[in-house]
Amino acid sequence: MPTLLSAWFNSHQPNLHPPSFYSLSLFRSSHPPPSPNPTLAMALSRFASSSRSGSLLKPLSSAISLRRPISTDTTPITLETSVPFTAHQCEAPSRTVQTSANELLTFFRDMALMRRMEIAADSLYKAKLIRGFCHLYDGQEAVAVGMEAALTKKDCIITAYRDHCTFMARGGTLLEVFAELMGRQAGCSRGKGGSMHFYKKDSNFYGGHGIVGAQVPLGCGLAFAQKYSKDEAVTFALYGDGAANQGQLFEALNISALWDLPAILVCENNHYGMGTAEWRAAKSPAYYKRGDYAPGLKVDGMDVLAVKQACTFAKEHALKNGPIILEMDTYRYHGHSMSDPGSTYRTRDEITGVRQERDPIERIRKLILSHDLATEKELKDIEKEVRKEVDDAIAQAKENPVPESSELFTNVYAKGLGVESFGADRKEVRATLP
Amino acid sequence: MALRNIIGKRIGNGIGLVGRRSLSTATSDVENRNAKSMNLYSAINQALHLALETDPRAFVFGEDVSFGGVFRCTTGLADRFGKARVFNTPLCEQGIVGFGIGLAAMGNRAIAEIQFADYIYPAFDQIVNEAAKFRYRSGNQFNCGGLTIRAPYGAVGHGGHYHSQSPEAFFCHVPGIKVVIPRSPRQAKGLLLSCIRDPNPVVFFEPKWLYRLAVEEVPEHDYMLPLSKAEVIRQGSDITLVGWGAQLSIMEQACIEAEKDGISCELIDLKTLIPWDKETVEASVRKTGRVLISHEAPVTGGFGAEISASIVERCFLRLEAPVARVCGLDTPFPLVFEPFYMPSKNKVLDAIKATVNY
């Protein structure tokens, strides 16, 4: 994209930014703004092609520096989400989202990091360095990243077993992830949890749960504690479309609504509960409506800006009015876990279709490129950087030792309880549980 | 026709690879005609096919059973018997079991599958409070005897906290239900058919490690093995070993090793945990004077404790040594520490020697 850096700087003034993405073409003021197009991809390509033809306001990608100052630019950019929100028992928030170049590039980097991390985990599993269970999140990155953008570290997040990326979003490091996956000491749960049990106390990430649906009542309990302590913080309890049919969810929701708890129940609807399609498991796959008396919002979970908007809205709502359900319409490319090829219950065409039309990283990439916030080369460089980071973390994690054998007995009870644990036959191993 | 079980290597034990060897079946309690070599999940599959064939009011349901189930135990059932009799349920264990109890109360044979025994706890209330007590509290007007709950249990080498648990002890504490655990494909088929046709609610735990690993000659015809009858699968005179499920193959290996040291071990497969066959175990203890119980579940409060207390009560004066228990440790089922947690062959062997030399 041949452009002039100086020209861009001169033209880059706040009042030139239009309110709507679709009418960004100022130089074409004679043309009426195109009507919002349901498919973002199509709209983007239409816009991109129209803007390339003879605009003097386009910035130049400098081949001199890798990092352009633009990546930290926080000037607000206003965009629209891909589709409007659908609301149940409440007013849907606006489609118009405020973001900035800095934020978009951060989103891109974070999601690319998560994607690369999950794919690397796939290879590690196949190489038998990761054993046990591994449930990958690629395809759903926008939910983790968008949610984090709307929250503070005082807000709590609790989720099920597909938790690698949520952990990363909450501030986890790659080393902690890979070490935990491989069962090493440097892991976030000291190697004792594994893939399904990532936790991060200092950023209020409550994990990481294997039993389906069991984390939601826990989440409502967290919300109660937050309300009691007047934290002005909320809890996001995530679950999947499979878990949505668990009775304990409705129990938790009833209690939260009764007591006006600041709990937000987020259904990450990737349309398959392991191998069962949602329409075969749920009488009403409109998960956002299943709260009945509790308001709900349906969100395009592949659009990180929509997720951010919805979560901001939900947080405000929950602090004032009690629980709300968010249904994130998302998709996972991998199967349920590493032992599931993911293609016996859905067609490969479906998977590639979603990858082409709705991939969250591609969406942000196109946004960035069409807004000239970075060049393609820069984005590719970010991806390369990210790849290297992941590789380095894996190498480091491989060096890390497994936990000490005595760790088998630690943390069964609280410290100092002095309970004895017996090994085989009560003769061999006698350990006082620390 | 020589009966031979071939149980493959049980790797991941951390102690060492185990070579192929036979689990000797001392009694041939089933006719051997038309026996075919098959593994555990195929044997269970056959049993289910027979159950549905012989009883038009039998149903199989659970999570993902329609396409065959995550362990392939229910393959072919939906195609053969139709979606009205073999169907998937949503992800709700409490609902599945409650639903099964109701179905059984109307006189049907409800065969419910809980995908992993670790997930059975939401259904625990239904099993303990509803299923176990239905006949009792209605004065025999109603019962849910047609209910059979199948669940894969036990360690599998990489299962971690929630795919490896052995919850049999929780259910052994509930009068009103039966708990049955097979040790091999041949046993599984016969026992499962007995459980399904038993007029009491039964919880049937299948050792998931053996689904593919255990291969045996299994007769193709319809046969049932008696419940509440333990089986002496290896004769001996120095010490009695009691176990069930996948743990028996470990104990068998320990017995063979002990043989080299001149210790003659008698191995008993309990098969039904409640109501358990006290007579057989007692008779064996009276013969040997020593007993060792082994199971994967944590030692404190495991079913071994019940067996131990019962034997001491009944055979106190005959005992030459304290009752030994070689079980899992008192910790949650660990992730990377599984080899340390498991009651391995060496632990059992050590305990055998310690008991014999007491």
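In what follows, every chain begins at residue 1, and chains take the letters A, B, ... in the order their sequences are listed. What you see is a predicted model; the values in this text were computed from it and never measured.
Using a 4.5 Å heavy-atom cutoff, the side chains of A/Leu408 and B/Leu329 are in contact.
Of the two parts of A/Val402, neither the backbone nor the side chain holds a non-hydrogen atom closer than 4.5 Å to a non-hydrogen atom of chain B. Proximity to chain A is absent for every atom of B/Glu63, based on heavy atoms less than 4.5 angstrom apart. At a 4.5 Å heavy-atom cutoff, the contact between A/Glu407 and chain B is made by backbone and side-chain atoms alike. At a 4.5 Å heavy-atom cutoff, the contact between A/Glu404 and chain B is made by backbone atoms alone. For A/Ala243, the part sitting under 4.5 Å from any heavy atom of chain B is the backbone (N, CA, C, O) and nothing else.
Heavy-atom pairs under 4.5 Å with chain B were tallied for A/Ala282, A/Gly242, A/Gly213, A/Ser195; the largest tally goes to A/Gly242. Chosen from A/His197, A/Met196, A/Arg280, A/Met182, the residue pairing most often with chain B at heavy-atom distances under 4.5 Å is A/His197. Per-residue heavy-atom pair counts under 4.5 Å with chain A were compared for B/Gly304, B/Pro90, B/Ser164, and the maximum is reached by B/Pro90. Note on B/Ile293, B/Asp64, B/Asp118, B/Val70: by heavy-atom pairs under 4.5 Å with chain A, the leading option is B/Asp64.
To the nearest 0.5 Å, the span separating CZ on B/Phe337 from OG on A/Ser405 amounts to 6.5 Å. With rounding to the nearest 0.5 angstrom, the CD1 atom of A/Ile211 is 8.5 Å from the OH atom of B/Tyr121. Here CG of A/Asn245 is found 9.5 Å from OG1 of B/Thr89. Values are rounded to the nearest 0.5 Å. For the atom pair SG of A/Cys134 and NE2 of B/His158, the computed distance is 12.0 Å after rounding to the nearest 0.5 Å.
When all heavy atoms of A/Gly191 and B/Leu335 are compared, the pair lying nearest together is O-CD2, 4.3 Å. Residues B/Gly159 and A/Phe133 approach most closely at O-CE1, 3.2 Å, considering heavy atoms.
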Residue pair B/Gln94, A/Gln246: steps toward the side-chain hydrogen bond (donor to acceptor under 3.5 Å, both in side chains) verdict: CA-CA 9 Å; B/Gln94 187 170 22; A/Gln246 278 276 320; over 6 Å; no
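Between B/Tyr162 and A/His209, a ring centre-to-centre spacing not shorter than 6.0 Å is recorded.
Checking A/Thr276 against B/Asn88 by side-chain atom types alone, no donor-acceptor pair falls below 3.5 Å.
B/His161 contributes a side-chain N or O that, together with a main-chain N or O of A/Lys192, makes up a donor-acceptor pair within less than 3.5 Å.
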